[in-house]
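Take a look at the structure below.
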Amino acid sequence: MLAKLRPLMATAAAAAAAAAKPAPALSFSTAAAEGDEHAHYNHTDACHHLRWTAKESYEYMYARPWSRVVDFYAELVRTGAGAAGLADLFGKDENGYSLDTNGEDYTAPSENQTSTKSSKDRGGRWERVTFKIVLSYHGGSFDGWQKQPGLNTVQGLVEKHLGQFVDEKKAKQLEARSLPLEGCAVVAGRTDKGVTALQQDVKSSDIKDAINKAAPDKLRPLHVSQVSREFHPNFAAKWRRYLYIFPLDEDVKLISGEEQSAKTVEGPECNIKPQSFDVGKVDKIIRQLEGKSLSYKMFARDTQASRSVGPPTECFMFHSRAAVAKLHTADENCEEGTTRAICIELVANRFLRKMVRVLVATAIREAAAGAEEDALLNLMEATCRRATAPPAPPDGLCLVDVGYEDFNRQRCFIVD
């Protein structure tokens with residue numbers, strides 16, 4: 001997670017014009033049982049009788065061995081492996097994804113973005129020093145990033161431990177206002193409760209030691225460096241990369257497209273719902289988003305207008321792929337095991353709230369139902385968000401890194 005420290009520590013780039021594909025005919029179902037919170041759409045395409053309802057999708061998503069994914073992420077944070085640990089998952093050279101020991105990494109801003117300007121004759125916030133911190137934290141150990149009263153959040157914990165670096169002038173101002181002695185952190189991309197971050201971007205070694213003591217093995221600073229006052233971790237970012245790991249049931253064979261088609265001949269009266277999906281079909285569905293600027297309002301939740309340039313729900317997807325991988329984890333008895341999982345990698349200039357989790361859940365639902373490859377595109381202009389699936393569990397989601405240079409596809413984990 002990229003954070004900016006003011007004075008101590010403090011990622012929605014520009015979006016392009018969109019061209020969305022028309023949505024299929026949909027009708028909203030109001031026949032849900034009383035008290036049922038999973039109201040859903042009645043889709044009218046050929047595979048509508050095979051598509052999971054909202055409740056069925058929710059139950060399928062959560063009935064997975066999520067503890068294995070949580071343990072896998074926890075180990076990455078504990079060891080400080082960061083993106084290099086995920087690279088190994090896909091057979092990539094870990095050295096190509098490791099942070100530079102000299103203090104620079106491939107997510108660092110370019111020279112013209114971080115060129116130091118003299119702060120002489122400047123007052124107020126310009127007298128302060130700004131640091132960029134690359135953090136790694138385990139989502140299951142915190143109540144999300146954003147500081148909230150009474151909750152154990154990453155921002156709250158980091159700002160509290162950065163209070164020791166507040167200058168005397170600022171300390172007196174906080175004391176006069178009866179405010180706690182804390183630093184101020186601005187983040188490149190907030191995460192929900194349960195979501196892990198591996199490389200979130202306040203003298204640098206002291207700051208690093210302070211954060212290390214905040215939550216050992218759960219919160220780890222990977223890199224701390226001083227940057228210019230002009231640098232902003234959010235608005236300077238050009239792209240963000242998320243990875244979603246969905247554990248597969250080892251006892252259920254993945255169905256192929258041919259097997260799925262065979263089930264459809266049973267007829268809608270039988271209402272036979274699939275209990276597995278074709279990973280290759282998920283990849284084909286998710287790839288349709290790549291290289292397009294679209295409005296993802298149907299795949300977002302609790303979304304409000306953004307201060308970013310461009311429409312508030314529009315995102316450009318640089319990269320979107322899915323592939324099968326094997327997680328190597330150890331249980332509480334230190335017994336190692338292997339878990340098969342589908343990994344979905346998404347890189348975009350910006351993401352909306354819960355957008356990745358809804359995209360993952362909807363892509364899997366459509367693949368299981370045997371929908372066409374443009375299923376997600378067909379949902380872009382739906383009139384109600386219940387046309388998409390409920391968000392997948394936060395346990396599988398990881399904000400891998402944030403980029404300040406132009407996007408380079410070769411740095412992706414899943415490539416052709």
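Keep in mind that what you see is a predicted model, and the values were worked out from it rather than measured.
Of the inter-residue distances, the one linking T383 atom OG1 with M298 atom CE reads 7.0 Å to the nearest 0.5 angstrom. The NZ atom of K354 sits 13.0 Å away from the CG atom of L352 when rounded to the nearest 0.5 Å. Within the model, atoms CE of M317 and CZ of R287 stand 14.0 Å from one another, a figure rounded to the nearest 0.5 Å. The distance from atom OG1 of T338 to atom CG of L327, rounded to the nearest 0.5 Å, is 8.5 Å. Rounding to the nearest 0.5 angstrom, the gap separating the CZ atom in R385 from the CG atom in L379 is 13.5 Å. Atoms CG and CD, from N378 and E373 in turn, are 11.5 Å apart once rounded to the nearest 0.5 Å.
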> Given the rule in the side chain to side chain contact (heavy atoms under 4.5 Å, CB included) test, do L359 and L376 qualify, once you have shown the distances and angles that lead to the verdict?
Replying inline: CA-CA 8 Å; L359 278 173; L376 297 182; 4.2 Å; yes

> Given F72 and T339, is the side chain to side chain contact (heavy atoms under 4.5 Å, CB included) satisfied, shown in steps?
Replying inline: CA-CA 10 Å; F72 174 76; T339 300; over 6 Å; no

> Should W239 and N408 be marked as a side chain to side chain contact (heavy atoms under 4.5 Å, CB included) after you check the CA-CA gap, both sets of side-chain angles, and the distance that decides it?
Replying inline: CA-CA 10 Å; W239 52 264; N408 181 0; over 6 Å; no

>> Using the rule given for side-chain hydrogen bond (donor to acceptor under 3.5 Å, both in side chains), can you reason through T388 versus T362, listing the C-alpha separation, both sets of side-chain angles and the distance that settles it, and then say yes or no?
In response: CA-CA 6 Å; T388 56; T362 306; 4.6 Å; no

> Would C315 and M355 satisfy side chain to side chain contact (heavy atoms under 4.5 Å, CB included), going step by step from the backbone distance to the final call?
Replying inline: CA-CA 10 Å; C315 310; M355 171 179 154; 4.0 Å; yes

> Run the salt bridge (charged side-chain N to carboxylate O under 4.0 Å, His left out) check on R321 and E290 step by step: do they pass?
Replying inline: CA-CA 8 Å; R321 302 293 171 88; E290 192 172 289; 3.0 Å; yes

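A pairwise comparison of heavy atoms in P391 and R301 identifies CG-CG, 4.2 Å as the closest pair. The minimum heavy-atom distance between V279 and A323, with the atom names listed, is CG1-C, 4.5 Å. I342 approaches A322 most closely through the heavy-atom pair CD1-CB, 4.2 Å. The two residues A392 and M61 make their nearest non-hydrogen contact at CB-SD, 4.1 Å. Heavy-atom minimum distance, I285 versus A363: CD1-O, 4.0 Å. Closest of all the heavy-atom pairs between P393 and Y244 is O-OH, 2.6 Å.
Residues V282 and E366 have side chains not in contact (no heavy-atom distance under 4.5 Å, counting atoms from C-beta outward). Side-chain atoms of I344 and D283, non-hydrogen and from C-beta on, never get closer than 4.5 Å to each other. Between L289 and Y296 the shortest side-chain heavy-atom distance falls below 4.5 Å. The shortest distance between side-chain heavy atoms of L89 and C343 falls below 4.5 Å. The closest side-chain heavy-atom distance from L397 to I245 is not below 4.5 Å. Looking at F277 and L248, their side chains come closer than 4.5 Å, going by heavy atoms from C-beta outward.
Between the side chain of S320 and the backbone N or O of I286 there is at least one donor-acceptor pair closer than 3.5 Å. A distance-only check finds no donor-acceptor pair linking the side chain of W52 to the backbone of Y60 [under 3.5 Å]. Side-chain atoms of Y73 come within 3.5 Å of backbone N or O of G396 as a donor-acceptor pair. In terms of modelled atom types and a separation under 3.5 Å, the side chain of K281 and the main chain of A371 share a donor-acceptor contact. In this structure a side-chain-to-backbone donor-acceptor pair under 3.5 Å is missing from R340 to P247.
With sequence neighbours excluded, the residues forming a ring pair (Phe, Tyr, Trp, His ring centres under 6.0 Å) with F318 are F316, F407, listed by chain and number. Here D406 pairs with K238 under the side chain to side chain donor-acceptor pair (under 3.5 Å) rule; sequence neighbours left out. Annotation: side chain to side chain donor-acceptor pair (under 3.5 Å) contacts of R365 (sequence neighbours excluded): none. Annotation: side chain to side chain donor-acceptor pair (under 3.5 Å) contacts of E59 (sequence neighbours excluded): none. Every residue two or more places apart in sequence or in another chain that forms a ring pair (Phe, Tyr, Trp, His ring centres under 6.0 Å) with F351 is listed here: Y242. Residues satisfying the side chain to side chain donor-acceptor pair (under 3.5 Å) criterion with E345, sequence neighbours excluded, are R241, H319.
Within a 6.0 Å radius of NZ in K284, no more than 12 heavy atoms belonging to other residues, nucleotides or ligands are found. The environment of CD in E75 is crowded: more than 12 heavy-atom neighbours from other residues, nucleotides or ligands sit within 6.0 Å.
For the pair R409 and D416, the salt-bridge criterion is not met [side-chain N within less than 4.0 Å of a carboxylate O].
In summary, the aromatic rings of W66 and F246 are positioned with their centroids under 6.0 Å apart.
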